[in-house]
Amino acid sequence: MPSEIKSHKLVGSKKLEPDFYLREDVLEITNELIGKFLVTNIGGTLTSGMIVEAEAYNGVIDKASHAYDNRRTKRNEIMYAMGGVAYVYLCYGIHHLFNVVTNYKNTPHAILIRAIIPADGIDKILQRRNHDTITKKISDGPGTVSTALGINTTHSGVSLSGNIIWIEDRGIKFDKRDIQKGPRIGVDYAGEDARLPYRYRLKDEIISEFFGKLLVESK
């Protein structure tokens, strides 16, 4: 993965501790996930990508959340678990969307991972996506993130402290000005909450710079 990109520092690598997820401010956690690495070990193959876009869902008071107004269903029950587990649901019957559950038990906060830049297991990511070469579109949407990393609804409830799906801090830090905030995508049903600036995305020029390095190194 690129290590000489202006505006970030590379200082180490470690799996996020459970306490990272057990905090009340879902927006703060979402912001801090930008630059972290989502890693999977599926079928004995390790793949990963740097998180560059994520959306916060603020539980029972957020009209865009599956848990709005204390809604509990078989599908979303995992949102009420102790933070630090995966919530994966099927969208439009085809897209498996990966979310990080945060906060303490019975406070259903979640963060949708919307985009990553591939890092480890590039060949496997290409195979899963049925692509011949790396492009920005390979994992620039929540459905393609899950496909690239081999995640599906059977992984809902998986602990992010285990060895199937986890998130790593590899020491990449971005300045606040490098991360843009805006309204979430596809939540028009949420009325005024649809306009909340709960989507965090690394600036496109920085994403392009990372992809440029990745393309050079993959040749």
Side-chain angles (χ1 to χ4, degrees), residues 1-3 5 8 10 12-23 26 28-57 78-79 83-89 91 95-102 109-129 131 134 136-174 179 185 199-202 206-207 210-211 214:
M1 193 63 195
S3 59
I5 300 294
H8 85 255
L10 186 64
S13 176
K14 62 180 180 179
K15 184 182 293 186
L16 295 183
E17 297 290 340
D19 285 351
F20 178 89
Y21 308 104
L22 299 179
R23 292 181 284 160
V26 68
E28 180 180 51
I29 298 171
T30 305
N31 182 70
E32 291 178 13
L33 282 175
I34 303 300
K36 303 296 191 294
F37 286 73
L38 178 58
V39 187
T40 65
N41 185 357
I42 308 293
T45 300
L46 189 142
T47 53
S48 76
M50 186 178 74
I51 298 168
V52 295
E53 184 177 355
E55 290 179 342
Y57 288 85
I78 194 62
M79 294 180 71
V85 297
Y87 170 43
V88 188
Y89 66 89
C91 182
H95 301 299
H96 299 254
L97 305 191
F98 171 81
N99 299 258
V100 176
V101 175
T102 65
H109 290 174
I111 299 165
L112 173 66
I113 304 304
R114 289 197 55 89
I116 62 171
I117 297 175
D120 300 301
I122 301 296
D123 289 343
K124 188 64 175 180
I125 288 173
L126 289 170
Q127 179 187 8
R128 287 171 176 159
R129 291 284 288 119
H131 282 214
I134 290 288
K136 290 183 182 179
K137 295 296 184 183
I138 196 142
S139 49
D140 192 27
T144 58
V145 167
S146 293
T147 300
L149 298 183
I151 298 171
N152 58 55
T153 54
T154 67
H155 297 114
S156 197
V158 166
S159 171
L160 301 181
S161 296
N163 296 312
I164 299 174
I165 304 173
W166 66 94
I167 299 175
E168 290 182 359
D169 184 347
R170 298 187 180 179
I172 293 180
K173 308 295 182 184
F174 293 102
I179 299 172
I185 294 173
R199 180 166 63 96
Y200 293 72
R201 182 177 172 88
L202 194 62
I206 300 175
I207 293 174
F210 268 88
F211 263 105
L214 177 60

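Along the sequence shown, residues carry numbers from 1.
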Engineer: Test I207 against E53 for side chain to side chain contact (heavy atoms under 4.5 Å, CB included), laying out the working first.
Structural biologist: CA-CA 10 Å; I207 293 174; E53 184 177 355; over 6 Å; no

Engineer: Could you tell me whether the side chain of Y21 reaches within less than 4.5 Å of the side chain of V101, counting heavy atoms only?
Structural biologist: no

Engineer: Here's a test for you: under side-chain contact (heavy atoms from CB on, under 4.5 Å), which of I206, I179, L202 qualifies with V52?
Structural biologist: L202

Engineer: Which is it for I164 and N41 under the side chain to side chain contact (heavy atoms under 4.5 Å, CB included) test, yes or no, and what are the steps along the way?
Structural biologist: CA-CA 5 Å; I164 299 174; N41 185 357; 5.8 Å; no

Engineer: To check you understand the geometry: which heavy-atom pair defines the closest contact between Y89 and T153, and what is its length?
Structural biologist: C-CG2, 3.9 Å

Engineer: What are the two closest heavy atoms between Y87 and S156, and how far apart are they?
Structural biologist: CA-OG, 3.6 Å

Engineer: Going by heavy atoms in the side chains, are Y57 and V26 under 4.5 Å from each other?
Structural biologist: no

Engineer: If you take all heavy atoms of I134 and P118, which pair is closest and at what distance?
Structural biologist: CD1-CG, 4.2 Å

Engineer: How close do A110 and T102 get, heavy atom to heavy atom, and via which atoms?
Structural biologist: N-OG1, 4.4 Å

Engineer: Side chain to side chain contact (heavy atoms under 4.5 Å, CB included) between L149 and H155: does it pass, once the steps are laid out?
Structural biologist: CA-CA 12 Å; L149 298 183; H155 297 114; over 6 Å; no

Engineer: Within this structure, what is the CD-NZ distance for the pair E168 and K36, rounded to the nearest 0.5 Å?
Structural biologist: 11.5 Å

Engineer: What are the two closest non-hydrogen atoms of A115 and V145, and how far apart are they?
Structural biologist: CA-CG2, 3.6 Å

Engineer: Mark yes or no for whether T40, through its side chain, and G150, through its backbone, hold a donor-acceptor pair below 3.5 Å.
Structural biologist: no

Engineer: If you define the side chain from C-beta out and look only at heavy atoms, does anything of V39 sit under 4.5 Å from D120?
Structural biologist: no

Engineer: Restricting to non-hydrogen atoms, name the atom on D140 and the atom on T144 that form the minimum distance, rounded to 0.1 Å.
Structural biologist: N-OG1, 3.3 Å

Engineer: Within the side chain of S48, is there an N or O that forms a donor-acceptor pair under 3.5 Å with the backbone of F37?
Structural biologist: no

Engineer: Do L33 and Y200 come within less than 4.5 Å of each other through their side chains, counting heavy atoms only?
Structural biologist: no

Engineer: Can you measure from OG1 (T45) to CZ (R128) and round to the nearest 0.5 angstrom?
Structural biologist: 6.5 Å

Engineer: Determine whether a donor-acceptor pair (N or O, by modelled atom type, separation under 3.5 Å) exists between the side chain of E55 and the backbone of I185.
Structural biologist: yes

Engineer: If you measure from OG1 on T30 to CZ on R199, what distance do you get to the nearest 0.5 Å?
Structural biologist: 12.5 Å

Engineer: Check this for me: E28, atom CD, are more than 12 non-hydrogen atoms of other residues, nucleotides or ligands nearer than 6.0 Å?
Structural biologist: yes

Engineer: In Å, rounded to the nearest 0.5 Å, how long is the span from CD1 of I111 to CD1 of I167?
Structural biologist: 8.0 Å

Engineer: Please report the interatomic distance CD1(I29) to CZ(R23), rounded to the nearest 0.5 Å.
Structural biologist: 4.5 Å

Engineer: Taking T47 for the side chain and I125 for the main chain, is one N or O donor matched with an acceptor at less than 3.5 Å?
Structural biologist: no

Engineer: Rounded to the nearest 0.5 Å, what's the gap from CD1 on I51 to CD1 on I34? Could you check?
Structural biologist: 7.0 Å

Engineer: Test F174 against N31 for side chain to side chain contact (heavy atoms under 4.5 Å, CB included), laying out the working first.
Structural biologist: CA-CA 10 Å; F174 293 102; N31 182 70; over 6 Å; no

Engineer: Is there a side-chain contact between V88 and I78, using heavy atoms and a 4.5 Å cut-off?
Structural biologist: no

Engineer: Test your reading of the model: is there a side-chain donor-acceptor pair from K15 to the backbone of L160, 3.5 Å cut-off?
Structural biologist: no

